[in-house]
A.B. asks: 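Below are the structure tokens for one structure; questions will follow.
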Amino acid sequence: MLVDGPHFQATDEGELVFLLSDGDGSRRPTEHDIIEPEEEENSHRWRTEIAKYLAPLILIVPTMGRLPWTLADFPQGYVLLLHKSPRPRRRVSSSSVPRRDFYLYGATDVATFASPLEFVKHAEWLMRGAHRTLDTRRAPRCACTYCDYNGAERRQSVISRELRAARARVLALMNEEPEIDELEAAAPTNDVDDHGVNNSGADPHADAVAAEV
């Protein structure tokens, strides 16, 4: 086990495991929706895409060395379902081809997630302890586009760009990791104290992604 924390695990097989969930199995589409259980291929595609952007947020750089990551499963109480709509996706012919869209259901405070990237920040919130506000609303302190507890009302397109940039930074750090011999040969400088903080005011590890364990 690479990470065995209170809220998630990272296995030697490259799987991220949720140990905490806000899932509610009763939160499913109403009867007018036409749904089918997910196909395993689509479930795996969603879980891999989520983990692709979730892992850089919760794992430190050395642990990120095992790529690609995937979710072992969705959080307890969640389910990925296929929604068929009578409305055709494109009007390319006289025949009406129903839309086929996958949605992730189950979150207590969110009706549905319409894409893997929409769920990434909510998944991070779960893996960091699913903290809520202390007021009577007990709103999730989650930065996904639906919870958005800080009131910023950020669009998903902005969040998606940030997630892609965070992943790119971590991959760049991985490519720049020095060899063990280089680390052993490097002498400490007087500008860095015992806690790894640069006394000049800059933190040399500020760009590293820290894991919550």
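Each residue takes its place number in the sequence, starting with 1.
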A.B. asks: Mind listing the closest non-hydrogen atom pair of S43 and F74 along with its distance?
C.D. replies: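 So the two residues come closest at OG-CE1, 3.7 Å.
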
A.B. asks: With heavy-atom distances below 4.5 Å as the criterion, would you say the side chains of W69 and L59 are in contact?
C.D. replies: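 W69 vs L59: side chains touch.
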
A.B. asks: Let me confirm one number: the CD1-CG distance from I60 to L173, rounded to the nearest 0.5 Å.
C.D. replies: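 These two atoms lie 12.0 Å from each other.
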
A.B. asks: For R161, give me all partners under side chain to side chain contact (heavy atoms under 4.5 Å, CB included), at least two apart in sequence or on another chain.
C.D. replies: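 Partners of R161 by the side chain to side chain contact (heavy atoms under 4.5 Å, CB included) criterion, ordered by chain and then number, come out as S157, V158.
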
A.B. asks: With hydrophobic residues grouped by side-chain heavy-atom distances under 4.5 Å, do L104 and V17 end up in a single group?
C.D. replies: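 Per the 4.5 Å side-chain linkage, L104 and V17 are not co-clustered.
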
A.B. asks: Side-chain donor-acceptor pairs under 3.5 Å in residues 18-26, sequence neighbours left out?
C.D. replies:
| unit_1 | atom_1 | unit_2 | atom_2 | d |
| --- | --- | --- | --- | --- |
| S21 | OG | G23 | N | 2.8 |
| S21 | OG | Q76 | O | 2.6 |
| D22 | OD1 | Y78 | OH | 2.5 |
| D22 | OD2 | H122 | NE2 | 3.0 |
| D24 | OD1 | S26 | N | 3.0 |
| D24 | OD1 | S26 | OG | 2.7 |
| D24 | OD2 | S26 | OG | 3.2 |

A.B. asks: Under the rule for salt bridge (charged side-chain N to carboxylate O under 4.0 Å, His left out), what residues qualify as partners of R132, not counting sequence neighbours?
C.D. replies: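 Only D109 meet the salt bridge (charged side-chain N to carboxylate O under 4.0 Å, His left out) criterion with R132.
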
A.B. asks: Give, for atom CG of L71 and atom CG of L54, the distance between the pair rounded to the nearest 0.5 Å.
C.D. replies: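 If I round to the nearest 0.5 Å, the distance is 6.5 Å.
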
A.B. asks: Assess the residue pair T112 and Y146 against the criterion (side chain to side chain contact (heavy atoms under 4.5 Å, CB included)); give the C-alpha distance rounded to whole Å, side-chain angles, the decisive distance to 0.1 Å, and a yes or no.
C.D. replies: CA-CA 9 Å; T112 180; Y146 297 112; 5.8 Å; no

A.B. asks: Carefully, step by step, assess V79 and R28 under the rule side chain to side chain contact (heavy atoms under 4.5 Å, CB included).
C.D. replies: CA-CA 9 Å; V79 63; R28 298 290 183 266; 3.1 Å; yes

A.B. asks: If you take all heavy atoms of H131 and R128, which pair is closest and at what distance?
C.D. replies: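 Shortest heavy-atom contact: NE2-O, 3.2 Å.
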
A.B. asks: Can you sort out the partners of S115 under side chain to side chain donor-acceptor pair (under 3.5 Å), two or more places apart, ordered by chain and number?
C.D. replies: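 Partners of S115 under the side chain to side chain donor-acceptor pair (under 3.5 Å) test: none.
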
A.B. asks: Do the side chains of L2 and Q9 get nearer than 4.5 Å, heavy atoms only?
C.D. replies: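 The answer is no, as the side chains (C-beta and beyond) never meet within the 4.5 Å cut-off.
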
A.B. asks: Tell me which pairs pass side chain to side chain donor-acceptor pair (under 3.5 Å) where either residue lies in residues 134-143, with sequence neighbours left out.
C.D. replies: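 For residues 134-143: T133-D135.
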
A.B. asks: When rounded to the nearest 0.5 angstrom, what distance separates NE2 in H44 from CG in L80?
C.D. replies: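 Going from the NE2 atom of H44 to the CG atom of L80 covers 13.0 Å.
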
A.B. asks: So P75 and F119, do their side chains get closer than 4.5 Å, heavy atoms only?
C.D. replies: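 Yes; the side chains approach each other to less than 4.5 Å.
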
A.B. asks: Would you mind listing every salt bridge (charged side-chain N to carboxylate O under 4.0 Å, His left out) that reaches into residues 41-65, with sequence neighbours excluded?
C.D. replies: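 Sorted pair list: E40-R47.
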
A.B. asks: Sequence neighbours excluded, which residues qualify as side chain to side chain contact (heavy atoms under 4.5 Å, CB included) partners of A165?
C.D. replies: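 Listed in chain order: R169.
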
A.B. asks: Stepwise, does the side chain to side chain contact (heavy atoms under 4.5 Å, CB included) test hold for Y53 with R167?
C.D. replies: CA-CA 6 Å; Y53 295 100; R167 182 173 188 271; 3.8 Å; yes

A.B. asks: Show your reasoning for whether side chain to side chain contact (heavy atoms under 4.5 Å, CB included) applies to L16 and V3.
C.D. replies: CA-CA 9 Å; L16 299 176; V3 176; over 6 Å; no

A.B. asks: Taking side chain to side chain contact (heavy atoms under 4.5 Å, CB included) as the definition, give me every residue that meets it alongside Q156, ordered by chain and number, with sequence neighbours left out.
C.D. replies: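 Only L117, E118, T145, I159, S160 meet the side chain to side chain contact (heavy atoms under 4.5 Å, CB included) criterion with Q156.
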
A.B. asks: Going from OH on Y103 to CZ on F113, what distance comes out if it is rounded to the nearest 0.5 angstrom?
C.D. replies: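 Going from the OH atom of Y103 to the CZ atom of F113 covers 13.5 Å.
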
A.B. asks: Mind listing the closest non-hydrogen atom pair of W125 and P140 along with its distance?
C.D. replies: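 For W125 versus P140, the nearest heavy atoms are CZ2-CB, 3.3 Å.
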
